[in-house]
Amino acid sequence: MVLAMCMAAPAALADPTPYQVVDGNKVDARTMSGWRTWRALACERCHGAQQEGAVGPALTASMKTLSKQDFKNTVLQGRIDKGMPNFDGSQQVVDNIDNLYAYLKGRSDGAIAPGKLQEAGKVQEAGK
């Protein structure tokens, strides 16, 4: 009985899903902010348009094992020896680090489709 409780504890302590998504491309406002941060900083230049990797690693793979804290440390402090710049001087990144994590975690989990997103619950104008 004690063993079963110990084994169940990690699942109970796991972070809740940091994103909400419907139909693969309609996301909550925070995740949308993370996607906008990704786009504004042109992260695809190194990590690929679909986070599949290029000069930098495939985030769809690395986000499966990277903790949220390790993600924050990597983005904010960089990995200069591997070519990853630090973004702690970018107010947009600092303000949206949790949102960026949510977006990339959703991509890694396969819940968020690659490409353009829209905010769930917002009516999109025709042609946009």
Legend entry - Heavy atoms of other groups near K82 NZ, more than 12 under 6.0 Å: no
Legend entry - Flag side-chain contact, heavy atom, 4.5 Å: T74 against R79: yes
Inset, instruction - Provide the closest heavy-atom pair for A102 versus P18 in the form atom of the first, atom of the second, distance. - result: CB-O, 3.2 Å
Legend entry - Heavy-atom pair with the smallest gap, counting every atom of D98 and R30: CB-NH2, 3.7 Å
Legend entry - Closest non-hydrogen atom pair between S67 and D70, with its separation: OG-N, 3.0 Å
Inset, instruction - Quick one: closest heavy-atom pair of V94 and L76, and the distance? - result: CG2-CD2, 4.2 Å
Inset, instruction - Decide yes or no for Q51 and Y103: does some side-chain heavy atom of the first lie under 4.5 Å from some side-chain heavy atom of the second? - result: yes
Inset, instruction - Using the side-chain hydrogen bond (donor to acceptor under 3.5 Å, both in side chains) rule, collect all pairs that involve residues 37-47, keeping only residues at least two apart or in two chains. - result: none
Legend entry - Test item: K26 side-chain N/O and G121 main-chain N/O as donor-acceptor pair under 3.5 Å: no
Inset, instruction - Report yes or no: does S33 contribute a side-chain atom to a donor-acceptor pair with the main-chain N or O of A29 at less than 3.5 Å? - result: no
Legend entry - With T31, the side chain to side chain contact (heavy atoms under 4.5 Å, CB included) member among N99, V21, I112: I112
Legend entry - Where A54 and G48 come nearest, the two heavy atoms and their spacing: CB-N, 4.1 Å
Legend entry - Approximate separation, where rounding is to 0.5 Å, of W35 CH2 and E119 CD: 11.5 Å
Inset, instruction - Any ring-ring contact (aromatic ring centres under 6.0 Å, His included) involving residues 62-88? Give me the pairs, sequence neighbours left out, ordered by first then second residue. - result: F71-Y101
Legend entry - Spacing of K105 atom NZ and K68 atom NZ [to the nearest 0.5 Å]: 11.5 Å
Inset, instruction - Look up atom CE in M32 and atom CD in Q20, then write down how far apart they are to the nearest 0.5 Å. - result: 14.5 Å
Legend entry - Reported CG-to-CG distance for the pair L100 and D95, which is rounded to 0.5 angstrom: 12.5 Å
Inset, instruction - Please name the pair of heavy atoms, one in I80 and one in P85, separated by the smallest distance, quoted to 0.1 Å. - result: CD1-CA, 4.0 Å
Inset, instruction - Given side chain to side chain contact (heavy atoms under 4.5 Å, CB included), test R107 with L59 step by step and report yes or no. - result: CA-CA 8 Å; R107 285 286 300 121; L59 297 179; over 6 Å; no
Legend entry - Partner residues of D109 under the side chain to side chain donor-acceptor pair (under 3.5 Å) criterion, sequence neighbours left out: Y19
